[in-house]
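Note that this is a predicted model, so its numbers are computed, not measured. A note on names: the letters A, B, ... follow the listed sequences, proteins ahead of strands, and every chain is numbered from 1.
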Protein chains: 2
Amino acid sequence: MQVFWARGYDSASTRDLLEAMQLSRSSLYQAFGSKEQLFLEALRRYRENLIGRLHRQLEASPSALTFVEGLFRDTAQDAGSERAAIGCLIFNSASELGQRGDLPSREAGESVRAITELFRQAVVRAQSEGDIDPHRDARSLATYLTVGMAGLRTLLKSGADADEATHVVELILDTLR
Amino acid sequence: MQVFWARGYDSASTRDLLEAMQLSRSSLYQAFGSKEQLFLEALRRYRENLIGRLHRQLEASPSALTFVEGLFRDTAQDAGSERAAIGCLIFNSASELGQRGDLPSREAGESVRAITELFRQAVVRAQSEGDIDPHRDARSLATYLTVGMAGLRTLLKSGADADEATHVVELILDTLR
DNA sequence: CCATATATGGACTATTCGTTCCATATATGA
DNA sequence: TCATATATGGAACGAATAGTCCATATATGG
């Protein structure tokens, strides 16, 4: 998974994948059938891990707003790190695969939508907690947060420092209030 | 250039490039020396075209704010088109090449910064025109717009429709006012 | 018109790509 | 212990990869 994560779908070679998985060639094709299938499994697993973890964090948070704030601030603070340079597999894949119509492309789109859905739940809860105006459209605000996170990740990849990223994050979060 | 644009740096094969440029193998290597050099030239040319065009649009605009608004709204309205699926070479490259340290990667980062600089000029002018509070930090607002555009492009690649994108764009633009 | 310089077509490297195949090793169940 | 199923290592596949080379075409300048 880390191989697809760091190098992207097309550029990840089967040799890299075999080495990372400590697996023989035939074992991989016996277990997954193709590079495409392996990618689909890796992406789904990444998504379920991510969404699951974020969901638990959201539930454990004193308020949905502080969860969103913490998520964005932590991401910004990560500027310059190895993690920030690699980014997020979901946004990486969406950017690389675009709308090319095959299964990996559609799966990437689905994963972006799953992130938006997570954000939507957070927004709805923040509305019920009085932190966001309940009359505002939760779905649009959620998509806005997805756009903010996707853009932030691209900014970090372009080499922005933590200061710059943090200022931007505060501007993004201002919209919620 | 369209080849790098549509397929990315790594995945663009020399054969595709030759065909698109109507050029023979030896001619390409005589003229550019390597695929990397060719990419650098293509990216610089794309950037100068883009920045130049946006600069002219900005100058021709009745106000800097309407220029920014028009740019974002037009991009959102493009949802579902071929153009939107391909995205922007600069953000595509920044996302693909990340911080991997080589020349193409650094050039992609520079190009993102060039976009931010264009936005900064627009913000400064909008401040002088009374559309944006002059006390706000123009540089942060400019980076915010870069993040908004990068995120918007990722959203469009993930298959969002024009309605969704337009709502998000209005939220992005609200921050300026 | 001829000599020289540059541009080009296309065959040719060596390597890597994703995938298949088969012979052998290991595990499982009777 | 033996038969059978599954997992694995490694060789091999044809196609595609970036890049090189040379012989020929084309253009240029005297």
Participant: If I take atom CD in residue E19(A) and atom P in nucleotide dG9(D), what distance separates them, rounded to the nearest angstrom?
Facilitator: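 Taking atom P of dG9(D) as the reference, CD of E19(A) is at 14 Å.
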Participant: Counting Watson-Crick and G-U wobble pairs only, both distances under 3.5 Å, name the nucleotide matched with dT8(D), or none.
Facilitator: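 Answer to the pairing question: dA23(C), which forms a Watson-Crick or G-U pair with dT8(D).
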Participant: Measure from CZ on F32(B) to C1' on dA7(C) and round the result to the nearest Å.
Facilitator: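 From F32(B) CZ to dA7(C) C1': 14 Å.
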Participant: Among dA7(C), dG19(D), dG9(D), which nucleotide sits nearest the side chain of S34(B)?
Facilitator: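 Closest nucleotide among those given: dG19(D).
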Participant: Whole-Å distance between dA7(D) C1' and Q22(A) CD?
Facilitator: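 Whole-Å distance recorded here is 16 Å.
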Participant: Between R177(A) and E69(A), is there a salt bridge with N-O shorter than 4.0 Å?
Facilitator: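 Looking at E69(A) and R177(A), the cut-off is met.
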Participant: Strictly below 4.0 Å: does S24(B) bring a side-chain N or O up to OP1 or OP2 of dT8(C)?
Facilitator: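 It does not, given that no N or O in the side chain of S24(B) lies less than 4.0 Å from OP1 or OP2 of dT8(C).
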Participant: Between dA7(D) atom C1' and L23(A) atom CG, what is the distance in whole Å?
Facilitator: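 After rounding, the gap between these two atoms is 10 Å.
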Participant: How far apart are the closest heavy atoms of Q127(A) and D133(A), and which atoms are they?
Facilitator: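 That would be NE2-O, 3.1 Å.
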Participant: Select one nucleotide: of dT20(C), dA18(D), dA7(C), the one nearest the side-chain heavy atoms of Y29(A).
Facilitator: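 Closest nucleotide among those given: dT20(C).
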Participant: Return the nearest nucleotide to the side chain of K35(A); candidates are dG9(D), dG18(C), dG19(D).
Facilitator: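 Out of dG9(D), dG18(C), dG19(D), the nucleotide with an atom closest to K35(A)'s side chain is dG18(C).
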Participant: Considering every strand and a 4.0 Å limit on heavy-atom distances, what is the contact class for R15(A): base, sugar-phosphate, or nothing?
Facilitator: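 If one applies the 4.0 Å heavy-atom cut-off, R15(A) turns out to touch the sugar-phosphate alone, with no base involved.
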Participant: To the nearest Å, give me how far apart CD (Q30(B)) and C1' (dA25(D)) are.
Facilitator: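 Rounded to whole Å, this separation is 14 Å.
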Participant: Going by modelled atom types, is there a donor-acceptor pair between the base of dG19(D) and the side chain of R25(B) at under 3.5 Å?
Facilitator: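 Result: at least one qualifying N/O pair found.
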Participant: Does the plane of the ring in F39(A) sit parallel, tilted or perpendicular to the ring in F4(A)? Use 30° and 60° as the thresholds.
Facilitator: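 Aromatic pair F39(A)/F4(A) classed perpendicular.
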Participant: With a non-hydrogen cut-off below 4.0 angstrom, is S13(B) in contact with a base, only sugar-phosphate, or nothing?
Facilitator: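 Since only primed, P, OP1 and OP2 atoms lie under 4.0 Å of S13(B), the category is sugar-phosphate.
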Participant: Nearest-Å distance, CG (L28(B)) to C1' (dT17(D))?
Facilitator: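 My rounded result for the distance is 14 Å.
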Participant: How many Å lie between CZ on F4(B) and C1' on dA18(D), as a whole number?
Facilitator: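 Rounded to whole Å, this separation is 12 Å.
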Participant: Taking OP1 and OP2 of dG18(C), is either one under 4.0 Å from a side-chain nitrogen or oxygen of T14(A)?
Facilitator: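 Looking at the OP1 and OP2 atoms of dG18(C), one of them is under 4.0 Å from a side-chain N or O of T14(A).
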Participant: By nearest heavy atom, map G33(A) and S11(A) onto DNA chain C; which one lands nearer the 5' end?
Facilitator: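 Whichever sits nearer the 5' end wins; that is S11(A).
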Participant: Hey, can you tell me if Y46(A) and W5(A) have their rings parallel, tilted or perpendicular (30° and 60° cut-offs)?
Facilitator: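 Answer is perpendicular, since the angle exceeds 60°.
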Participant: In whole angstrom, what separates D10(B)'s CG from dT17(D)'s P?
Facilitator: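 D10(B) atom CG is separated from dT17(D) atom P by 13 Å.
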Participant: Check for a donor-acceptor pair, side chain of K157(B) on one end and backbone N or O of S95(A) on the other, with a separation under 3.5 Å.
Facilitator: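 Checking the backbone N and O of S95(A) against the side chain of K157(B), a donor-acceptor pair under 3.5 Å is found.
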